[in-house]
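Shown next, in structure tokens, is the structure this report addresses.
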Amino acid sequence: MSSEMREQATRDVLPVLPGRAHDLARLHRLVSRGEPVVTVIGKYNHGKSSLLNELIGHDAFSVSDKRETIVLADRLHAGVRWLDAPGLDADVGAEDDRHALQAAWLKSDIRLFVHAAKEGELDAKELALLHELREDGARTARQTLFVLSQVDQLADETEREKIEKAVSAQAHGFALNAVSSVRHRKGREGGKTLMLEKSGFPALNAALRAALARIPQARAQETALLFGEMNGELLALRAAQTLTLEQLRLTRQQQAHEFERGLRAVIDKVSGEIEPVLNAFGEDRALVPDHAKDHYGITAGKRERAHIQIAYSRACIAIDSFLAGHGVVALPAAQHTAAHSLNTVMIAVMGVSVKFRKDLRRMFGEAAGRERLHRDFTHYFELSDDRRALAQRIAQIEAALGAAEKASAALRTLQMQERRE
Ligand SMILES: Nc1nc2c(ncn2[C@@H]2O[C@H](COP(=O)(O)OP(=O)(O)OP(=O)(O)O)[C@@H](O)[C@H]2O)c(=O)[nH]1
Ligand SMILES: [Mg+2]
């Protein structure tokens, strides 16, 4: 499988399932099917590097009685990749350390948990790590072997029995592999069979061989698990998004429907109220100019204009209160004018003032006028804050759903490719 394909899958899935970064990286390794990887894990100076050197049969990793291994070291031997990891210690846990440990955790098929016998019982940190390894093993089928190291440093058999018993109780679920790297080296270099036997390495090697033989099966199980979990998570996510989307779309539709119905009713109602005003006075006198002498008197023109104004104001109040009830109040920011008081939807649609009967008739008396009012108010309804926020929310979920579908497809392609190989 091409690494581009794997990287594409990571690019598509990771943004949708950010909590799966580690699982994706692990899946990446599983589908690339590299050689088996064995790593050591444990506190510093517990003999991890020495152990690996004896397992490999030569000094591939550096050993010292101070804190020695600080970056991940890596050797290929007998078809197996051996990883030497830094020791775990809170006081010296630098950033590099953490990266190295994460990498070891990510890459390994088999973990050798190393604890030096002379230290006695496991401390809290080791217990926590062992617990994590146990949980991970139950979930992913990755294996951990417990190695009780440096047993030659114990005074006698009695002490050894005592410590083995105490540690076994703490490390329940793990078989103890008691070893001495020093004895193994001596036996190996001096050709001493008894020393080799006493080093515990033959038994550890047998346990390791059995674990290595189980790797293909463990990897298949872990691969299926990771695909299964991520597919399931994406499926659940998509179902939730689809449901939310349906609900929001329905809300949007119902709101629009309700608004349009209500608006039509208001326009019809005010039109009905204006109609008698338009017909009450016969000839339109609004255009009859007033003369200087009419300044204090009531003229036909003045009366006409007053009636028009009252009828118009009533219509405006009725429509305005309906609009306010639906959040249609101010013009969208892009349409604002310098005069603050003009930035209302009412003025944008109705105009600044209506003085004449013919204006009222055009607006409310004729079907085309009522249609225009309906259209324009509906336009501003869609531009209102609430409606825009709703539309935006729908667009966001549509985008998220699109991304989740893409992630599902990428994972499917990866899985199909993996099965074919
Ligand atoms: N007596 C005895 N000493 C050992 C044994 N294994 C390792 N040592 C010594 O213990 C010290 C630490 O060994 P390392 O293998 O470097 O330990 P490590 O766990 O890799 O240490 P860091 O890399 O610092 O985390 C060295 O001085 C080794 O010689 C053993 O089986 N018996
Ligand atoms: Mg080391």
Side-chain angles (χ1 to χ4, degrees), residues 37-75 77 80-105 107-108 110-123 125-130 133 144-157 159-161 163-164 167 171 176-190 192 194-205 207-208:
V37 179
V38 176
T39 191
V40 283
I41 291 187
K43 297 184 75 173
Y44 85 104
N45 253 342
H46 279 223
K48 298 182 298 298
S49 301
S50 310
L51 173 75
L52 286 180
N53 287 340
E54 292 314 304
L55 286 171
I56 291 176
H58 65 263
D59 291 344
F61 302 107
S62 62
V63 166
S64 131
D65 55 6
K66 57 176 178 39
R67 185 175 161 77
E68 176 65 20
T69 311
I70 44 172
V71 290
L72 210 57
D74 176 321
R75 288 285 180 290
H77 173 81
V80 174
R81 192 161 292 281
W82 306 84
L83 284 185
D84 190 14
L88 305 157
D89 272 284
D91 50 335
V92 274
E95 190 69 359
D96 286 353
D97 257 40
R98 227 170 36 75
H99 281 311
L101 283 170
Q102 274 177 353
W105 186 275
K107 290 175 180 175
S108 55
I110 296 172
R111 281 79 54 110
L112 302 176
F113 182 91
V114 181
H115 173 77
K118 66 174 186 302
E119 300 294 328
E121 295 196 346
L122 303 174
D123 68 14
K125 201 166 173 183
E126 288 176 298
L127 277 175
L129 180 63
L130 203 58
L133 286 164
T144 298
L145 301 185
F146 193 107
V147 179
L148 188 66
S149 61
Q150 309 182 353
V151 289
D152 59 278
Q153 290 197 326
L154 301 178
D156 50 31
E157 273 308 303
E159 195 189 357
R160 179 169 162 166
E161 268 170 32
I163 287 178
E164 282 193 9
V167 173
L176 237 56
N177 295 278
V179 300
S180 161
S181 297
V182 164
R183 283 184 192 149
H184 186 259
R185 161 141 323 194
K186 277 189 194 146
R188 176 158 74 83
E189 285 175 351
K192 296 173 186 159
L194 195 64
M195 190 69 107
L196 277 179
E197 205 53 51
K198 270 185 73 183
S199 75
F201 273 78
L204 175 62
N205 267 316
L208 198 50

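All ligand and atom numbering here is 1-based and tracks the order in the structure.
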Let me see the working for Lys48 and Phe61 under side chain to side chain contact (heavy atoms under 4.5 Å, CB included), right down to the final yes or no.
CA-CA 9 Å; Lys48 298 182 298 298; Phe61 302 107; over 6 Å; no
Considering both backbone and side-chain atoms of Tyr44, is one of its nitrogen or oxygen atoms within less than 3.5 Å of a nitrogen or oxygen in ligand 1?
no
Are Arg81 and Asp74 close enough, and set up right, to give a salt bridge (Lys or Arg N to Asp or Glu O under 4.0 Å), and what steps lead you there?
CA-CA 7 Å; Arg81 192 161 292 281; Asp74 176 321; 2.5 Å; yes
Note the single closest protein heavy atom to atom 24 (O) of ligand 1, along with its residue, its atom name and the distance in Å.
Glu68 N, 2.6 Å
Nearest-contact summary for atom 31 (O) of ligand 1 - protein heavy atom, Å:
Ser181 N, 2.8 Å
Within the 4.0 Å heavy-atom shell around Ser180, which atoms of ligand 1 are there?
31 (O)
Please lay out, stage by stage, how Leu148 and Glu164 fare under the test side chain to side chain contact (heavy atoms under 4.5 Å, CB included).
CA-CA 8 Å; Leu148 188 66; Glu164 282 193 9; 3.7 Å; yes
Of Gln150, Lys118, His184, Lys43, which has the heavy atom at the shortest distance from atom 6 (N) of ligand 1?
Gln150
Any nitrogen or oxygen of Ser49, side chain or backbone, less than 3.5 Å from one on ligand 1?
yes
Among non-hydrogen protein atoms, atom 12 (C) of ligand 1 lies closest to Asn45 OD1, 3.0 Å
Val38 vs Leu55 side-chain heavy atoms within contact, under 4.5 Å:
no
Within the 4.0 Å heavy-atom shell around Asp152, which atoms of ligand 1 are there?
1 (N), 2 (C), 30 (C), 31 (O), 32 (N)
Ligand-side contact atoms (ligand 1) for residue partner Gly87, heavy atom cut-off under 4.0 Å
25 (O)
Donor-acceptor pair, distance only, cut-off 3.5 Å: does the side chain of Lys192 make one with the backbone of Glu197?
no
Which residue and heavy atom of the protein sit nearest atom 29 (O) of ligand 1, plus the separation
Val63 CG1, 3.7 Å
Quick one: look up the protein heavy atom nearest atom 3 (N) of ligand 1 and list residue, atom name and how far away it is.
Val182 CG2, 3.8 Å
Is there an N/O/S atom in Ser49 at a distance below 2.8 Å from the Mg ion (ligand 2)?
yes
Within reach of ligand 1, part of Gln153 (heavy-atom separation under 4.0 Å)
side chain
Report yes if some heavy atom in the side chain of Asp59 is under 4.5 Å from a heavy atom in the side chain of Arg185; otherwise report no.
yes
Enumerated ligand 1 atoms positioned under 4.0 Å from heavy atoms of Ser64
11 (C), 12 (C), 13 (O), 16 (O), 26 (C), 27 (O)
May I ask you to check whether over 12 heavy atoms, not counting those of Lys198, lie within 6.0 Å of atom NZ?
no
Might you work through the side chain to side chain contact (heavy atoms under 4.5 Å, CB included) test for Arg183 and Val151, ending with a clear yes or no?
CA-CA 9 Å; Arg183 283 184 192 149; Val151 289; 4.2 Å; yes
Ignoring angles and geometry beyond distance, decide whether Gly47 reaches within less than 3.5 Å of ligand 1 through its nitrogen or oxygen atoms.
yes
At a non-hydrogen distance cut-off of under 4.0 Å, which region of Asp84 contacts ligand 1 (side chain, backbone, both, or neither)?
neither
How close does the nearest protein non-hydrogen atom get to atom 25 (O) of ligand 1, and which residue and atom is it?
Lys48 NZ, 2.8 Å
Just wondering, more than 12 heavy atoms not from Gln153 lying within 6.0 Å of its CD?
yes
For His115 against Glu121, the heavy-atom pair lying closest together
CE1-O, 3.7 Å
Only residue of Ser180, Ser181, Ser199 satisfying side-chain contact (heavy atoms from CB on, under 4.5 Å) with Asp152 is Ser180
Counting non-hydrogen protein atoms only, what is the nearest one to atom 7 (C) of ligand 1? Give residue, atom name and distance.
Ser50 OG, 3.1 Å
